[in-house]
Amino acid sequence: MRKTEKFYSLNYQFMVYGTELTVGAFAIVGYMMTMYYLVAEGIGEGLQPPVSYYYGAKKPQYIRQTLILAMKTTVIAGIAWFLLLTSFPSTLISLFNNSNSALTLEATQGIRLHLFAMFLDGFIVLATMYFMSVNQASKALLISISNMLIQLPFLYFLPKFLGVAGVWLTMPISTMVLSVVVGAMVWKDINQRCSSHDDSDLAPAQLIEE
């Protein structure tokens, strides 16, 4: 799913439960999120060629090594960016606003509530790219659609109980839930590939022994 659809639905809820100040703060936080998302997409684009090659060459061990390296890089980058944002929020927010202190405070709160699971969004991007690279476009499409649909119940119920904070928390909580499912899908797929490859390597030796 593209970021624009996510931001559109969230922006609507901010208009319902928040104020003009909240919508402005969300725009700033959205720019911060987009900076990391572009990094994750870049890593994902770089992941596809080697994984596709190793898939064609039937080298699942190399696929796993490449995927793990990309995952580590993306997750570390996400965590580092969040820590930087929370350590120097005013400095980074001043790139977009340096005159409205109330907007700065609202955006600072938004960063803490909205971006703490940002690194998992990068993980989902890589998982989508991975499945596309190993000729499983249906799984990649399922993840993309799920990434949009899974936030809808959270977007409906959380603001009713938590107000505007519930809108801020919608995306990170839905991303955490989806990451559990996507992580299991990736883990199962790569392990099946490696185990089936190991079995095929053992088969000739077993025939010789017999």
Side-chain angles (χ1 to χ4, degrees), residues 1-41 71 74-97 100-128 142-186:
M1 183 202 127
R2 307 316 300 171
K3 292 285 118 180
T4 50
E5 283 83 10
K6 271 189 169 184
F7 288 159
Y8 175 81
S9 57
L10 287 166
N11 194 63
Y12 176 78
Q13 288 294 76
F14 277 122
M15 289 190 291
V16 173
Y17 289 94
T19 64
E20 293 180 356
L21 197 67
T22 314
V23 175
F26 176 61
I28 294 174
V29 174
Y31 284 125
M32 302 296 186
M33 174 67 182
T34 300
M35 290 179 188
Y36 169 68
Y37 185 76
L38 292 175
V39 172
E41 271 204 332
M71 292 290 187
T74 303
V75 168
I76 291 173
I79 294 173
W81 182 229
F82 175 71
L83 292 176
L84 185 65
L85 288 173
T86 53
S87 298
F88 308 100
S90 298
T91 302
L92 294 168
I93 293 170
S94 67
L95 296 173
F96 307 95
N97 165 69
N100 191 328
S101 58
L103 180 58
T104 299
L105 288 174
E106 188 72 23
T108 301
Q109 178 74 356
I111 287 171
R112 291 169 180 161
L113 292 176
H114 195 65
L115 301 184
F116 68 88
M118 177 172 54
F119 67 96
L120 292 176
D121 206 53
F123 165 74
I124 292 173
V125 169
L126 285 192
T128 304
L142 177 63
I143 293 172
S144 296
I145 294 174
S146 299
N147 201 11
M148 175 179 61
L149 296 180
I150 195 171
Q151 76 169 343
L152 295 180
F154 295 100
L155 194 59
Y156 179 78
F157 288 107
L158 285 180
K160 290 184 177 297
F161 295 100
L162 301 176
V164 71
V167 184
W168 284 117
L169 290 169
T170 292
M171 194 163 76
I173 292 177
S174 62
T175 299
M176 290 169 64
V177 173
L178 182 61
S179 295
V180 174
V181 178
V182 172
M185 290 171 62
V186 174

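Keep in mind that this is a model prediction, so the values were computed, not measured.
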Compare every heavy atom of [Y] with every heavy atom of [X], then report the nearest pair and how far apart it is.
{"X": "Ala102", "Y": "Asn100", "answer": "N-OD1, 3.1 Å"}
{"X": "Glu106", "Y": "Ala25", "answer": "CG-CB, 3.4 Å"}
{"X": "Ser174", "Y": "Phe154", "answer": "CB-CD1, 3.7 Å"}
{"X": "Ala40", "Y": "Val125", "answer": "O-CG1, 4.0 Å"}
{"X": "Ala107", "Y": "Val29", "answer": "O-CG2, 3.7 Å"}
{"X": "Pro159", "Y": "Val167", "answer": "CG-CG2, 3.6 Å"}

* Asked: Where do Val182 and Asn147 land on the side-chain contact (heavy atoms from CB on, under 4.5 Å) test, with the steps shown first?
  -> CA-CA 10 Å; Val182 172; Asn147 201 11; over 6 Å; no
Would you compute the distance between atom [atom1] of [X] and atom [atom2] of [Y] and round it to the nearest 0.5 angstrom?
{"X": "Ser90", "Y": "Leu95", "atom1": "OG", "atom2": "CG", "value": "11.5 Å"}
{"X": "Ile93", "Y": "Thr108", "atom1": "CD1", "atom2": "OG1", "value": "3.5 Å"}
{"X": "Ile150", "Y": "Ile173", "atom1": "CD1", "atom2": "CD1", "value": "11.0 Å"}
{"X": "Leu158", "Y": "Met171", "atom1": "CG", "atom2": "CE", "value": "13.5 Å"}
{"X": "Glu41", "Y": "Leu126", "atom1": "CD", "atom2": "CG", "value": "10.0 Å"}
{"X": "Leu155", "Y": "Lys160", "atom1": "CG", "atom2": "NZ", "value": "11.0 Å"}

* When you look at CE of Met15, are more than 12 heavy atoms from neighbouring residues, nucleotides or ligands closer to it than 6.0 Å? -> yes
* To do: Quick one: sort the Phe26 and His114 rings into parallel, tilted or perpendicular, breaks at 30° and 60°.
  => perpendicular
Any heavy-atom pair between the side chains of [Y] and [X] that's under 4.5 Å?
{"X": "Thr86", "Y": "Leu115", "answer": "no"}
{"X": "Ile28", "Y": "Leu103", "answer": "yes"}
{"X": "Met32", "Y": "Met118", "answer": "no"}
{"X": "Asp121", "Y": "Met33", "answer": "yes"}
{"X": "Leu120", "Y": "Ile124", "answer": "no"}
{"X": "Phe116", "Y": "Leu169", "answer": "yes"}

* For Tyr36 and Thr74, indicate whether the former's side chain and the latter's backbone hold a donor-acceptor pair under 3.5 Å. => yes
* **Side-chain donor/acceptor of Trp168 to backbone N/O of Arg112, under 3.5 Å** => no
* For Ile143 and Val181, what are the C-alpha separation, side-chain angles and deciding distance, and is it a side-chain contact (heavy atoms from CB on, under 4.5 Å)? -> CA-CA 9 Å; Ile143 293 172; Val181 178; over 6 Å; no
